[in-house]
Student: 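Take a look at this one; I'll ask things after.
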Amino acid sequence: MDKLTQEEVETDQLKSSTFQRLKSHSLHLLDLLQNPHIHNQKHSSVTVIPQLLRFLQTSSPSALQPFFDYALFPLLLLLDAAVQCRSTLKIDSQPGVLKTPVEVSDGVAEGVVKCLEELLRKCRLNSVDQMVVLLKKLTYGAMLSPSEASEEFREGILLCVKALLLSLYSCSDMSCVCKQIPGMPALSGGDNNDRLNKTFASGSESGECVLAFLQSQFASAAIGHWLSLLLKTADTEAARGQQGSARLRIEAFKTLRVLVAKVGSADALAFFLPGIASQLAKVLHSAKIVISGPAGNVDSIDQAIRGFTEFLMIVLQDDANASALDIESSSDFDSNECNSTLSLLEELRHLQVKNCVNTKATEDTGVESEKISYSQTQLQETGNTDPDKENLSLHVNRTKDWMQRTSEHVNKLLDATFPHICIHPSQKVRKGLVDAIKGLLSECFYTLGESRLMLLECLCALVFDVSNDVSSTAQDFLEYLFSQNLKHVIKQNATEIFIRHLEKLPRVVLGHEESYAVLHAQKLLTIIFYSGPRLIVAHLQSPVEASRFLDLFAACLSHNSVFSGSLRKLTSTDRSSALGYLPSIAELKSGANFFNYSPSLISSGLSELLKCRLIEEKSIEKPVKTAYELPRMPPWFSYVGSLKLYQPLAWILRFVGLSLVADNISEGLMLHVIETLLGYFRKLVSELRLREYNEESWQSWYDRHGSGQLLRQASTAVCMLNEIIFGVSEQASNDFASIFHNCAFHTSFWNMPKDKGVRSYLVECIGGILHEYLSAEVWNVPIDCGTADLLHNAVVEEDISLYFFQDAAMLREVIIDGVGIFNLCLGRDFVSSGFLHSSLYLLLENLSSSNYRVRNSADSVLHILSTTSGFPTVGQLVLENADYVVDSICRQLRHLDLNHHVPNVLASMLSYIGVAHKILPLLEEPMRSVSMELEILGRHQHPDLTIPFLKAVEEIVKASKREAFLLPAQTELFARDVRSIISDSSETKQDQWEDILFKLNDSRRYRRTVGSIAGSCVTAAIPLLASIKQEICLAALDIIESGTLAIAKVEAAYKHERAIKEATEEALESLSLYQLKDTLEANEEGADENRLLPAMNKIWPFLVTCIQNRNPVAVRRCLSVISSVVPVCGGDFFTRRFLSDGAHFWKLLITSPFHKKSFSKDERIPLQLPYRSSSMSSEDSLAETSHLKVQIAVLNMIADLCRNKSSSSALELVLKKVSGLVVGIACSGVVGLRDASLNALHGIASIDPDLVWLLLADIYYTKYKENLPPPRPELPQISQILPPPMSPKEYLYVQYGGQSYGFDIDLASLDIAFTRFDSQHQMYS
């Protein structure tokens, strides 16, 4: 008892303190009204009113509620004064308004509305009369224009109204109509989660329900007036443009939403539906054009969408209009309410409400009804009213006819606004839209039946939204719609949407902006996914509909779509240029045409920049695909649209493929679809066969009407086939799951059946497609102008190169991509079914294609094949299937007239895969065919194949060289092991000896193979060393160098094998294992083990001929090759050869690059073979730089040969000749040869330093005629050893080297040469 008494005491003390403080603040406010001078207002705005506001904010609602009227009184007086002094309307006659206007400053007025808002937040209204008075006074404040009141004051008025409305809660009477309304906006979205959401005690002091009053006819005028005022306030701020207040517009829409939610009755709000819907639809319509200012503010648009939707959800709710629509209330969407209770309440709502409100309230609201912005025509159309009556009833009977006309009107408004909002750039606006659609389909499913298709379309478009929040909400609700009791209705609507969008698809893709086309395709894709496989299967059951379906997609994906659309679309600038920026690197790499983005801001009503950004953001978030991922966009589609448009189209086709397999009733449909598309391909093949039978040229065939169209139709059909087949792959299923990530229930419908019969059926289908893809006639279509029969008539070659070759190359590219896609679908079955063996050679063949896109496609598919087959690299894949590849090459090498591409295939395959050394034994047979083609007769028959064959030989000889360099070390290691075994021969068993013999024979056999291939390569390239064509000569020189080194290593390995054989024979003989010895002798080597010197004997004359041809690049490479091969073969082999043929080498050093010397005709033109066309030009045509590089190469060759002990003997017989030439060059004024000549002198000095010193000293001591001392005191003077020459021709270097031209003695060069040489090579110590 004492405790309760203490609590009461504390409560009384709190009330007393609260009252004292409120009294103090109220007296100050009343004093302000009595003394409204400037200083008092400044003091109040800075001190009194802020203190009151802080007090109200810190006080609890329970403490303020008893003094609500006391605190409200001075605030309302000041509010009246502030409104009166600002209003231009005469409101003196209104009761409760001060007769004498009081000037209230902006600071005081704004502070008053803040205090009033806080008070209304904390306290509940005590009666209906109190609410009417407050609304009336706030109405006058809300009617002030922007020129009359500040933005803060007008915003405070709206906040007060919202606070007042939010403080209204249902009463305690369970039978009251207030129980039927939610009381809060249905689509709150978290925007009202503030201090207003507080539960008050139910009811009011007078026992009247305030919410019930708002639903009555007596409040209709006031409600209508406030709806009009709020919309007018929002429109006013939008009309002011950049000067308008976005916050005020947002608060106006928020207050409107709260007002509608508090009224919450279809009967009370139905009368205002046409006006409210039209006004809010204008707001949404302006959002398409305006992107800044209050009208374009994101929050205001979001609030307008939600307010519009909430109004429709209340007025057009299915349950509220069940009697007019002849449907059962709450029969579909699961409701927690009891049907009988709802029916009873519905009947009670239609009963006449008692006239429990006094006449004064009716008079107050009567004035406000004049402000409602509805015309007489609107009222007559929407309500059962008579304008001639004195008491105008703001009520309509929601009959079936009214519902029909109203839904038609609303449908027009929704159709004009919602589709455009789907692609609004703001995520918040799109989130508001998806919530709105969710609410309308949940509450107004039947009443807005005409808008249901449009709402479903918008919902489908939002499934692909860039925002996960928007996308997830749309997917969740679609999942709900397709899985509830109404799914049969939804599926019917989905079928209608599918058929309508399918028919419109080509027109949208070809004639509209890309953003709309992407949106259209995404809607179609979403409908297909949620409807399940049965939708596609049912549509394709009819052969006519199946053909129509394929024709529609062929029109969207065909080449002809490149030239579709308006002229503005084709000529408009690209989007990057429109923004003032250059195209991005990604755009340049894709090679896309940027003519698809027209900035039609006026016609479309939405900034194209915003639309493009919205659509593109989704793909920007996704990781960029690597070059080895399939499928890819066909090359021609980059001129139609971007990847964003192609992806939804491709996904639809993939769903088609999956639905034809996933559904049980679709048996045979897959084959029918495939056969229909292959019909275009077979038609092309038939035409090509007819061309070949008639021996018609490609030129005339292409000129025939329709030939080019056949290529394009076949390409489109192949693209569609690839996408359809890819739909049954596991990767496609993963892609579907990633797109529709919130739809596990529907994703299960699209699972690929695990039945073996389905798998075998799929293998059969793919086998039929692949058989057509590999038709030889298709791959014989040229993709460049190098085809023989095209060269005969080059009149219209440019036309063919522009269209025909490009179309043929694109057809090849999509076919190759198809091979990779089939591999992805079948996995290991692709190999076991034999598809890999039939297509591998085709892919390798296209690695050497002249079209880079075809090459890249073949490279990508090969990487995919190797990955899916379990090989780490493409080389391993080819190595595993090398026998199939080599067999195909050998077969086609026998018919080169029909297979001109084989040499390129062989060369590219060997260079690309990098495993030529591992398949070296398999290359013997191809090498024999290649050698025959490089002979004189073969080169004469196929002159254009010489270089490709040389490239192939070069790759083969590189592989031989690599293997040959490994042989000596391997045989040496083997020899060491054999010697260790022989040392313990007494303990060695016969099995071990047999193993040794087996390894020896295997090593010998492989060495012979490597030597044979290297020798064949060298033999094939020898005659081509004399070619006057630089490319051929250089390739032959590379082959000679690599082949010679390979043969040398093979012979080195043979020496180790010989030692192993001799040691093994002795051991076997000592152990009396004569049978094994006989086996060893049976494999005796022949003369083929001595290959190096005989080959070099054949090579040397052609090297000399290469020097004689005077091609500067070939000569330099030839001199480098000589520097490499002479040490390998030994210098003794070349001693007499340099003596007899060295003149051709030294002739290159006789003339200075800057001195012209006339040669005889015999010297300039080397001996030519009869079939050669012309000779090289004379030496005089060479540039000085080229001549200088050749001489540097000769000097470097001399230095290299002299320094190497194994090759120095090659120059023994010509050493004086060479020394004289080099000394003359070193002492000349040709500075460019100084370093090379000094290098050569040091090389020669490694053989005979005295000779070089004497030649230099002869010139040096002669030029410097002063009595120079000898190198050492005991030596005689140099003049006693070398008598001074009488003329320049008597110098020793001239007598040894012969007369040169342009290499005159330069004292500076002489001094450098002599001093440098003398310092490094002192002859006397």
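Atoms considered below: every heavy atom in the structure, side chains included; atoms not considered: hydrogens, waters and symmetry mates. All figures in this text were calculated on a predicted structure; none of them were measured in a lab.
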Student: Is the side chain of N1109 donor-acceptor paired with the backbone N or O of A1026 at a distance under 3.5 Å, no angle test?
Tutor: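 The answer is yes, because a donor-acceptor pair under 3.5 Å joins these two groups.
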Student: Contact between L1149 and F1303 at the side-chain level, heavy atoms closer than 4.5 Å - yes or no?
Tutor: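 Side-chain contact under 4.5 Å: no.
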Student: So, applying salt bridge (charged side-chain N to carboxylate O under 4.0 Å, His left out) with D1002, which one of R1004, R1005, K999 is it?
Tutor: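 Only one of R1004, R1005, K999 forms a salt bridge (charged side-chain N to carboxylate O under 4.0 Å, His left out) with D1002, namely R1005.
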Student: For atom CZ of R962, decide whether the heavy atoms of other residues, nucleotides or ligands shown that lie under 6.0 angstrom number more than 12.
Tutor: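 Incorrect, the count does not exceed 12.
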Student: Are the side chains of L1255 and S1219 in contact, using a 4.5 Å heavy-atom criterion?
Tutor: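 Yes, side chains in contact.
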Student: Looking at C1227 and I1259, what are the two nearest heavy atoms and their distance?
Tutor: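 The pair with the smallest heavy-atom distance is SG-CD1, 4.2 Å.
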Student: Using the rule given for side chain to side chain donor-acceptor pair (under 3.5 Å), can you reason through D1132 versus S1209, listing the C-alpha separation, both sets of side-chain angles and the distance that settles it, and then say yes or no?
Tutor: CA-CA 6 Å; D1132 296 339; S1209 59; 2.8 Å; yes
Student: So, for A1046 and A1014, which heavy atoms are closest and what is the spacing to 0.1 Å?
Tutor: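 Where A1046 meets A1014 most closely, the heavy atoms are CB-CB, 4.0 Å.
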Student: Under a 4.5 Å cut-off applied to non-hydrogen side-chain atoms, are L1213 and F1138 in contact?
Tutor: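 No - every pair of side-chain heavy atoms lies 4.5 Å or more apart.
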Student: Does a side chain donor of either Q1108 or H1144 reach within less than 3.5 Å of an acceptor in the other side chain?
Tutor: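 Note: Q1108 and H1144 side chains meet the donor-acceptor criterion.
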Student: Of all the heavy-atom pairs spanning R1234 and S1309, show the shortest one and how long it is.
Tutor: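 The answer is NH2-OG, 3.1 Å.
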Student: Do side-chain atoms of N1001 reach the backbone of L997 as a donor and acceptor pair under 3.5 angstrom?
Tutor: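 Yes, the answer is positive, given that a donor and an acceptor are paired below the 3.5 Å cut-off.
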Student: Please report the shortest heavy-atom distance between V1018 and T1044, naming the atom on each side.
Tutor: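 Scanning both residues, the minimum pair turns out to be CG2-N, 4.1 Å.
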Student: So that I can tick it off, tell me whether R1117 and D1038 are bridged by a salt bridge, with the cut-off set at under 4.0 angstrom between side-chain N and carboxylate O.
Tutor: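 A salt bridge links D1038 with R1117.
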Student: Could you point out which residue of V1194, I1192, D1200, L1195 forms a side-chain contact (heavy atoms from CB on, under 4.5 Å) with L1119?
Tutor: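 In the set V1194, I1192, D1200, L1195, the residue that makes a side-chain contact (heavy atoms from CB on, under 4.5 Å) with L1119 is V1194.
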Student: Before we go on, tell me: are the rings of F1134 and W1100 under 6.0 Å apart, centre to centre?
Tutor: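 Centroid separation for F1134 and W1100: below 6.0 Å.
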Student: Counting the benzene-type ring for Trp, do W1253 and Y1260 have ring centres under 6.0 Å apart?
Tutor: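 Between Y1260 and W1253, which both carry aromatic rings, the centre distance is not below 6.0 Å.
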Student: Hey, does the side chain of S1228 reach the backbone of I1225 with a donor-acceptor pair shorter than 3.5 angstrom?
Tutor: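 Here the side-chain-to-backbone pair exists.
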Student: Does NZ belonging to K1189 count more than 12 external heavy atoms closer than 6.0 Å?
Tutor: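 It does not: K1189 NZ has 12 such atoms or fewer within range.
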Student: Is a donor from one side chain sitting under 3.5 angstrom from an acceptor on the other, for E1041 and S1124?
Tutor: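 Checked: E1041/S1124 side chains pair up, N/O donor to acceptor below 3.5 Å.
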Student: What pair of heavy atoms forms the shortest contact from G1015 to I1047, and how long is it?
Tutor: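 Where G1015 meets I1047 most closely, the heavy atoms are CA-CD1, 4.0 Å.
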Student: Count the heavy atoms of every other residue, nucleotide or ligand shown that sit under 6.0 Å from CD of Q1299, and state whether that count exceeds 12.
Tutor: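 More than 12 heavy atoms, drawn from other residues, nucleotides or ligands, come within 6.0 Å of this atom.
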Student: Main chain of N1090, side chain of E1051: is a donor-acceptor contact present, judged purely on distance under 3.5 Å?
Tutor: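 Flag not set: sc E1051 to bb N1090 has no pair under 3.5 Å.
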Student: Work out which heavy atom in T971 is nearest to a heavy atom in A1053; give both atom names and the distance.
Tutor: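 For T971 versus A1053, the nearest heavy atoms are OG1-CA, 3.7 Å.
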Student: Apply salt bridge (charged side-chain N to carboxylate O under 4.0 Å, His left out) to E1057 and R1007, showing your working.
Tutor: CA-CA 10 Å; E1057 286 183 5; R1007 174 185 53 78; 2.6 Å; yes
Student: With respect to I1040, which candidate in I1022, I1122, L1024 satisfies the side-chain contact (heavy atoms from CB on, under 4.5 Å) definition?
Tutor: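 One option only clears the test, and that one is I1022.
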